[in-house]
Undergrad: 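Starting off with a structure, shown below.
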Amino acid sequence: MKRLTLTVWISVLTLLVLPGCRESRSPTDPGPLIPPSSGTYALYGTISVFAAGGFEPLAYALIHVLDAAGVGGFAFSDENGRYRVAGLSPGVYTIDIALEGFVTLQNTMKLGGDVHEARRDFELSRQGVNRATYEVFGTVWVKGGEGRSAYVDARVEVLDGPEAGLTAMSDEMGMYSLKGLRPGALQIRASRGTRSETKTVTLAGGAPTIFIDFSI
């Protein structure tokens, strides 16, 4: 009878203890683990939000950096809005920035070459707050080519202004799109290899979309 009672108590204790031993996730858990990269490139910068006195840093924003194969890394911004994702290999990455109460932001960036520490700052907008932004899109054409040939994987980058460093890669049709640009004059450069062209764009007025082609 004593042996039976001891067995019953062990069973009860097992049921009570085991649930507490299961793996738990924190409220800021980004989800499934991202396959690690073994590269030597890093992406860093700051996450901020526009406020009455200027820009304020945002802490605990989640930054996902993934290539087409789903390999990359993630980080959370610190109390000063700073983040850093290291161990990245050369390639084109999709960057997702998310924080509860803010509009999720997505961008692309190409890592490679001699610059192993690339900086990219981001600004999130509060949900329900309308701020005027613009989109610049178009096609990157082959200059002097036969017929009308377009460049695939041309790099189109904002050179100055609040979104300096914002990059888009042209698709199989040679088309690109830069979103979330704020009003003002800025320079945009399209390049591929040793070929490049830079244009000055003024974003103002009611038209939210500006069409600009490049020929390189």
Undergrad: Does Asp121 reach the main-chain N or O of Thr46 with its side chain, forming a donor-acceptor pair under 3.5 Å?
TA: yes

Undergrad: When you measure from the side chain of Lys199 to the backbone N and O of Asp213, does any donor-acceptor pair fall under 3.5 Å?
TA: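 Side chain of Lys199 to backbone of Asp213: a pair is present.
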
Undergrad: Does the side chain to side chain contact (heavy atoms under 4.5 Å, CB included) test come out yes or no for Met173 and Thr139, once each step is laid out?
TA: CA-CA 8 Å; Met173 302 294 291; Thr139 306; over 6 Å; no

Undergrad: Can you check whether Ala69's main-chain N or O pairs, donor with acceptor, with Asp67's side chain at less than 3.5 Å?
TA: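 A pair under 3.5 Å: yes.
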
Undergrad: First locate atom CG of Leu99, then atom OG1 of Thr104, and finally report the distance between them rounded to the nearest 0.5 Å.
TA: 9.0 Å

Undergrad: Quick one: side chain to side chain contact (heavy atoms under 4.5 Å, CB included) partners of Val152, sequence neighbours excluded?
TA: none

Undergrad: Check whether any side-chain heavy atom of Glu197 sits under 4.5 Å from a side-chain heavy atom of Ser215, and report yes or no.
TA: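 In short, these two side chains touch, coming nearer than 4.5 Å.
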
Undergrad: Atom CZ in Arg155, atom NZ in Lys110: separation rounded to 0.5 Å?
TA: 7.5 Å

Undergrad: Any chain of hydrophobic side-chain contacts (each under 4.5 Å) joining Val158 to Val201?
TA: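 Yes, one cluster joins them.
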
Undergrad: Please check: side-chain N/O of Thr108 versus main-chain N/O of Thr167, any donor-acceptor pairing under 3.5 Å?
TA: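 Present.
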
Undergrad: Between the main-chain N or O of Arg182 and the side-chain N or O of Glu163, is there a donor-acceptor pair closer than 3.5 Å?
TA: yes

Undergrad: Are Tyr151 and Met175 grouped together when hydrophobic residues (ILVMFWY) are joined by side-chain heavy atoms under 4.5 angstrom apart?
TA: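 No, Tyr151 does not connect to Met175 through the hydrophobic network.
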
Undergrad: Between Ile63 and Ser77, what is the shortest heavy-atom contact and its length?
TA: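 For Ile63 and Ser77, the tightest heavy-atom pair comes out as CD1-N, 3.9 Å.
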
Undergrad: Checking Ser149 side chain against Val142 main chain: does a donor-acceptor pair fall under 3.5 Å?
TA: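 Side chain of Ser149 to backbone of Val142: no pair is present.
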
Undergrad: Would you say Trp141 ends up clustered with Ile188 if hydrophobic residues are merged whenever their side chains have heavy atoms under 4.5 Å apart, either directly or through other cluster members?
TA: no

Undergrad: Closer than 3.5 angstrom, by distance alone: can the side chain of Asp160 be matched with the main-chain N or O of Gln187 as a donor-acceptor pair?
TA: yes

Undergrad: After noting the C-alpha distance and the side-chain angles of Glu117 and Arg84, does the key distance pass the salt bridge (charged side-chain N to carboxylate O under 4.0 Å, His left out) rule?
TA: CA-CA 10 Å; Glu117 296 277 335; Arg84 188 173 187 272; 2.6 Å; yes

Undergrad: In Å and rounded to the nearest 0.5 Å, what is the CG to OG1 distance from Asn107 to Thr94?
TA: 9.5 Å

Undergrad: Do you know the tightest heavy-atom contact between Gly165 and Glu157?
TA: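 Looks like CA-OE2, 3.8 Å.
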
Undergrad: Specify the closest pair of heavy atoms between Ser170 and Val140, including all atoms of both residues, with the distance to one decimal.
TA: CB-CG2, 4.4 Å

Undergrad: Can you see which heavy atom on Ser177 is nearest to which on Ala168, and at what distance?
TA: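 Result for this residue pair: O-CB, 3.3 Å.
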
Undergrad: Using every non-hydrogen atom in the two residues, find where Tyr41 and Ser89 come nearest and quote the distance to one decimal.
TA: CD1-C, 4.2 Å

Undergrad: Go through Ile97 and Tyr83 one step at a time and tell me if the side chain to side chain contact (heavy atoms under 4.5 Å, CB included) criterion holds.
TA: CA-CA 11 Å; Ile97 305 97; Tyr83 75 92; over 6 Å; no

Undergrad: Minimum heavy-atom separation for Leu66 to Gly73, with atom names?
TA: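 Of all heavy-atom pairs spanning Leu66 and Gly73, the closest is CD2-N, 4.4 Å.
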
Undergrad: Within the structure provided, determine whether Leu43 and Tyr93 are in side-chain contact (heavy-atom separation under 4.5 Å).
TA: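 No, every pair of side-chain atoms sits at 4.5 Å or beyond.
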
Undergrad: Under a 4.5 Å side-chain heavy-atom rule over Ile, Leu, Val, Met, Phe, Trp and Tyr, are Ile210 and Phe214 clustered together?
TA: yes

Undergrad: Indicate yes or no: at least one non-hydrogen side-chain atom of Val92 is less than 4.5 angstrom from one of Asp153.
TA: no

Undergrad: To the nearest 0.5 Å, what is the distance between CD1 on Ile47 and CG on Leu62?
TA: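 One gets 10.0 Å once the value is rounded to the nearest 0.5 Å.
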
Undergrad: Quick check against the 3.5 Å criterion: does Arg120 have a side-chain atom that pairs as donor or acceptor with the backbone of Gly45?
TA: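 Looks like no, no N/O pair under 3.5 Å.
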
Undergrad: Hey, any chance Leu178 and Ile216 share a hydrophobic cluster, counting ILVMFWY side chains that come within less than 4.5 Å of each other, even indirectly?
TA: yes

Undergrad: Supply the atom-to-atom distance Glu135 CD to Leu181 CG, rounded to the nearest 0.5 angstrom.
TA: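 Spacing of CD (Glu135) from CG (Leu181) equals 8.5 Å.
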
Undergrad: When you look at Val49 and Phe102, which way does the side chain to side chain contact (heavy atoms under 4.5 Å, CB included) test go after all the steps?
TA: CA-CA 9 Å; Val49 60; Phe102 294 82; 3.7 Å; yes

Undergrad: Exactly one of Tyr134, Tyr176, Phe137 should register a ring-ring contact (aromatic ring centres under 6.0 Å, His included) with Phe211. Which one does?
TA: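 Considering Tyr134, Tyr176, Phe137, a ring-ring contact (aromatic ring centres under 6.0 Å, His included) with Phe211 is found only for Phe137.
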
